[in-house]
Peer 1: 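One structure is given below, represented as structure tokens, and several questions about it will come after.
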Protein chains: 2
Amino acid sequence: MNSLANISEPSAPASGCCAPDVLSRGLFALAHPARIEILRYLSGVDYCCCKDVVCRLRLAQSTVSQHLKILLEAGLVRMSPQGQRSRYAVDSKALLALSEAVGGLLDPCAARADENGKEI
Amino acid sequence: MNSLANISEPSAPASGCCAPDVLSRGLFALAHPARIEILRYLSGVDYCCCKDVVCRLRLAQSTVSQHLKILLEAGLVRMSPQGQRSRYAVDSKALLALSEAVGGLLDPCAARADENGKEI
DNA sequence: CCTATTCATCGTATATCGACGATGAACGAT
DNA sequence: ATCGTTCATCGTCGATATACGATGAATAGG
């Protein structure tokens, strides 16, 4: 039923690109203005808790908590309980990995398109 | 309307990143396995029409047409009517711009996080 | 112990996504 | 002129996203 299972190649190509569904999961976490803003904010402060983000984003606390959860489940952010607070920080390795994955997808696509001299 | 031109602004704010909602619009178009696969396919062939993609992806023609429209409106793909067909091709400049925008967002975030020595 | 703070989760409402089939328009071919 | 192909769009349906308030758990501090 979910035909998406057939989209990605059975065996990962040697090109270093990852399966589309793996990549798209990370991209989805990034594809929201609030979450982009949260990532930027998180990377700029020493550490922060949920309430800090709430004050910054002017969103309800429950909404921010949801966004943080999405980033958390995507692996872009890490968290540890700290007393009554929760200590959030970005996962820099994951960010770099996602950045490289996007580049590894888009750059070859652009290059191939150019070398084929495609014009419309 | 075509927001991709603004993704990597030459005179971006001091941070070097662009507005979150501009970037997130481009990311959303990319955040689906089928659309990633379409992009890869489009970049690998000389040109193609909607039906080619349909045969490749095993999705209904209307579904593929929708995905192509999303990629089109995001500016990642260009199209020109060609007889009864539609000729699709990736916009390599837009892909590169998006790739750089993502790197311009994620890489500084990761760098700042590292230099702050954040550990959880 | 009691209170205030912080946070995650639940429930809900609305909007959008993602898939499909059906349909009509545009075009090429016969 | 007619038929077949290709495509975009419409309507629909179920699933999910996104926002919020309410609630309860956990903790710090008085």
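Only heavy atoms go into these numbers, but all of them, side chains included; no hydrogens, no water, no symmetry mates. A, B, ... follow the sequence lines: proteins, then strands. Residue 1 opens every chain. Bear in mind the structure is a predicted one, so any value in this text is a computation, not a measurement.
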Peer 1: Heavy atoms only: give me the nearest B/Arg40-A/Arg112 pair and the separation to one decimal.
Peer 2: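 So the two residues come closest at O-NH1, 4.0 Å.
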Peer 1: Which side-chain N or O atoms in residues 89-100 of chain A pair as donor and acceptor under 3.5 Å with protein atoms at least two apart or in another chain?
Peer 2:
{"unit_1": "A/Asp91", "atom_1": "OD1", "unit_2": "A/Lys93", "atom_2": "N", "d": "3.1"}
{"unit_1": "A/Asp91", "atom_1": "OD1", "unit_2": "A/Ala94", "atom_2": "N", "d": "3.1"}
{"unit_1": "A/Ser92", "atom_1": "OG", "unit_2": "B/Asp114", "atom_2": "OD1", "d": "2.9"}
{"unit_1": "A/Ser99", "atom_1": "OG", "unit_2": "B/Asp107", "atom_2": "OD1", "d": "2.9"}

Peer 1: Please confirm whether the backbone N or O of A/Phe28 pairs with a side-chain atom of A/Arg35, one donor and one acceptor, at under 3.5 Å?
Peer 2: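 The answer is yes, because a donor-acceptor pair under 3.5 Å joins these two groups.
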Peer 1: The side chain of B/Leu59 lies closest to which of these nucleotides: D/dA19, C/dC20, C/dG18?
Peer 2: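 Taking heavy atoms from C-beta onward, the closest nucleotide is C/dC20.
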Peer 1: Within this structure, what is the CZ-to-C1' distance between A/Arg58 and D/dC20, rounded to whole angstrom?
Peer 2: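 Answer to the nearest Å: 17 Å.
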Peer 1: Any pair with a residue in residues 55-66 of chain A that passes side chain to side chain donor-acceptor pair (under 3.5 Å), sequence neighbours left out, goes on the list, sorted by first then second residue, please.
Peer 2: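 Pairs touching residues 55-66 of chain A that pass the test: A/Glu37-A/Arg56.
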Peer 1: Nearest-Å distance, CZ (B/Arg87) to P (C/dC27)?
Peer 2: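 After rounding, the gap between these two atoms is 16 Å.
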Peer 1: For a quick test of reading the model, state the closest non-hydrogen atom pair linking B/Leu59 to B/Val54 and the distance between them.
Peer 2: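 Looking at all heavy atoms of both residues, the closest pair is O-CG1, 3.4 Å.
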Peer 1: Which residue lies toward the 5' end of DNA chain D, A/Gly83 or A/Arg35, if each is placed at its nearest nucleotide?
Peer 2: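 It is A/Arg35, whose closest nucleotide lies nearer the 5' terminus.
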Peer 1: Using a 4.0 Å cut-off on protein heavy atoms (strictly under), produce a 5'-to-3' string for nucleotides 5-16 of chain C with B for base contact, S for backbone-only sugar-phosphate contact, and - for none.
Peer 2: BBBBB-------
Peer 1: Would you please say whether a donor-acceptor pair under 3.5 Å links the side chains of A/Arg87 and A/Ser80?
Peer 2: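 No - no donor-acceptor pair under 3.5 Å links their side chains.
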Peer 1: Given atom CG of A/Leu30 and atom P of D/dA17, what is their separation to the nearest angstrom?
Peer 2: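 Those two atoms, CG and P, are 16 Å apart.
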Peer 1: D/dA17, OP1 or OP2 - any side-chain N/O from A/His67 closer than 4.0 Å?
Peer 2: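 False: A/His67 side-chain N/O out of range (4.0 Å or more) of D/dA17 OP1/OP2.
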